[in-house]
Amino acid sequence: MKMKAILLKYLFSISLILSFINYSFANERIVVAGGSLTEIIYSLGSGEQIVGVDQTSSYPAEVKKLPQIGYWKLLNIEGILSLTPSLFITWIDAEPNDILEQVSKAKVDVLALQRVPATPELLYQNIEKIGFKLNNELAAKQLVNQIRNHLTEIQQKIAKQPQKIKVLFLLSMGGSNTIAGKNTVADAIITIAGGENIATHTSYKSYSAESLIASNPEAIILTSQSVEQLGGLDKLSSIPGLTQTHAWKNHRIITIDQAYLLGLGPRVTQAVDTLYSGFYPEN
């Protein structure tokens, strides 16, 4: 009987410890700087623990009601700490350079994740790291498998195409027209969706009308926000050089929400589906 009582007391103690651990994770106060990181947390079912986000976090819609801490490339310690977070999740290259150290010194747990290269493999790693941190590894594994399976199906379709379509991603905002080159999320999504980004420069670069005509893409991608700012699809002809491309002549102008381009996140499958359908409409 004495041994049984000791065993019951031991099991009860273990139960209390596990309950405390689960309670702690369930009551995290998370501040996030990085739109796709916010999406990952919501996809794992932990969105209710987020108490603040940065300007790049716009999905799902409820995040727009949360307090803002500015832009992940221009953070300040006061804005973050004012929300009394227990956990701060952001990109490892968040700025200013010492912001992660400042937050950590304030006794806030920090999870800093790699942002580049924008590949599905890195996305899977980030999902798994966030899932581990939030004690939700099963949901993370399920999300990774779901995304991986979807992208595998797309790759199988792409393999049947005789050749890849030549694409440019054009960001037209405030009268300035820039093209996404290598080492950008736009380039990564174009590649995953089966297109060939014919821009060979790194990051974003301004294109003249002559450069756009000379590159002569078969398809052009714009953000829906760019189209809206221009005044609608019928106003795209105002972009110098655009009407002289194959993309314009063959009606291969594809629009996509700019939120997809701020970092590779769980909705990469939707972005890839949209682009693939625009690249190969006959399939």
Side-chain angles (χ1 to χ4, degrees), residues 35-36 39-40 43 56 58-59 115-124 127 143-144 146-173 177-205 207 212 215-230 232-233 236 239 242 245-283:
S36 58
E39 291 188 27
I40 290 173
S43 295
T56 65
S58 60
Y59 184 89
R115 186 176 57 87
V116 292
T119 62
E121 289 71 26
L122 183 58
L123 171 60
Y124 303 151
I127 290 172
L143 180 59
V144 166
Q146 177 186 334
I147 296 171
R148 181 182 282 119
N149 291 340
H150 192 105
L151 295 184
T152 296
E153 291 178 6
I154 290 292
Q155 293 306 310
Q156 291 171 348
K157 293 180 181 179
I158 292 170
K160 297 177 182 178
Q161 299 300 328
Q163 61 184 23
K164 290 185 176 181
I165 188 170
K166 300 184 184 302
V167 184
L168 282 182
F169 174 84
L170 190 155
L171 186 63
S172 179
M173 300 293 280
N177 300 316
T178 59
I179 300 293
K182 306 306 177 185
N183 199 32
T184 62
V185 176
D187 176 69
I189 295 178
I190 288 171
T191 302
I192 297 169
E196 178 188 346
N197 183 7
I198 55 178
T200 57
H201 60 269
T202 302
S203 191
Y204 283 83
K205 179 181 178 181
Y207 262 39
L212 187 57
S215 62
N216 200 20
E218 297 172 289
I220 290 177
I221 307 165
L222 293 103
T223 67
S224 52
Q225 287 79 4
S226 290
V227 174
E228 182 180 353
Q229 187 180 78
L230 286 167
L233 287 170
L236 294 184
I239 298 176
L242 181 65
T245 64
H246 282 319
W248 177 267
K249 295 173 183 177
N250 295 324
H251 308 290
R252 291 285 185 88
I253 307 296
I254 307 163
T255 60
I256 191 169
D257 192 297
Q258 69 179 10
Y260 290 127
L261 308 172
L262 298 173
L264 221 57
R267 292 191 299 156
V268 64
T269 52
Q270 297 174 37
V272 167
D273 284 349
T274 297
L275 295 189
Y276 179 82
S277 297
F279 294 164
Y280 309 105
E282 65 279 3
N283 290 276

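One-based numbering along the sequence shown.
The main-chain N or O of G181 is found under 3.5 Å from a side-chain atom of T184 such that the two form a donor-acceptor pair. Of the possible polar contacts, one joining the T56 side chain to the G35 backbone as a donor-acceptor pair under 3.5 Å is found. A donor-acceptor pair is defined here as one N or O able to donate and one able to accept, closer than 3.5 Å; no such pair exists between the side chain of Q161 and the backbone of G194. Proximity of a side-chain donor or acceptor of H201 to a complementary backbone N or O of I179 within less than 3.5 Å is detected. Looking at D257, its side chain does come within 3.5 Å of a backbone N or O of A259 through a donor-acceptor pair. Using a distance-only test at 3.5 Å, with no hydrogens or angles considered, no donor-acceptor pair links the side chain of N197 to the main chain of T191. Listed for the Y280 side chain is no donor-acceptor partner under 3.5 Å among the backbone atoms of I158.
Using a 4.5 Å heavy-atom cutoff, the side chains of T274 and Y260 are not in contact. At least one side-chain heavy atom of R252 sits under 4.5 Å from a side-chain heavy atom of P281. Residues V268 and H150 have side chains not in contact (no heavy-atom distance under 4.5 Å, counting atoms from C-beta outward). Put simply, the side chain of V272 reaches to within 4.5 Å of the side chain of L151, judged on heavy atoms. Annotation: side chain of L242 is not in contact with side chain of N177 (no heavy-atom distance under 4.5 Å).
Of the residues L122, V185, I147, the one that meets the side-chain contact (heavy atoms from CB on, under 4.5 Å) test with L264 is V185.
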| Does the side-chain contact (heavy atoms from CB on, under 4.5 Å) test come out yes or no for T223 and F169, once each step is laid out? | CA-CA 9 Å; T223 67; F169 174 84; 3.6 Å; yes
| request: Just do the side-chain contact (heavy atoms from CB on, under 4.5 Å) check on L236 and W248 with the steps written out, would you? | output: CA-CA 9 Å; L236 294 184; W248 177 267; 3.7 Å; yes
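Interatomic distance, CD of E196 versus CD1 of I165, reported as 10.5 Å (0.5 Å rounding). How far CD1 of I221 is from CD1 of I189: 8.5 Å, rounded to the nearest 0.5 Å. Rounding to the nearest 0.5 Å gives a distance of 6.0 Å between CG of L275 and CD1 of I254. Here D187 contributes atom CG and L261 contributes atom CG; the two are 11.5 Å apart, rounded to the nearest 0.5 Å. For the atom pair E39 CD and I127 CD1, the distance stands at 10.5 Å (nearest 0.5 Å). Annotation: the span from T245 atom OG1 to I220 atom CD1 amounts to 4.0 Å, rounded to 0.5 Å.
In plain terms, the two heavy atoms of K164 and E218 that are nearest each other are O-OE1, 4.2 Å. Of all heavy-atom pairs spanning A193 and F279, the tightest one is O-CD1, 3.6 Å. Here the closest heavy-atom approach between residue L171 and residue S226 is recorded as CD1-OG, 3.8 Å. Contact record, L233 with V227: N-CG1, 3.6 Å, taken as the closest heavy-atom pair. Residue K157 comes nearest to Y276 through the heavy atom pair CB-OH, 3.3 Å, listed as atom of the first residue, atom of the second, then distance. Closest approach of L212 and P217 over heavy atoms only: O-CD, 3.9 Å.
Within 6.0 Å of NE2 on H246 lie no more than 12 heavy atoms contributed by other residues, nucleotides or ligands. More than 12 heavy-atom neighbours from other residues, nucleotides or ligands sit within 6.0 angstrom of NZ on K182. Counted within 6.0 Å of CD on Q270, heavy atoms from surrounding residues, nucleotides or ligands total more than 12; the atom is thus considered enclosed.
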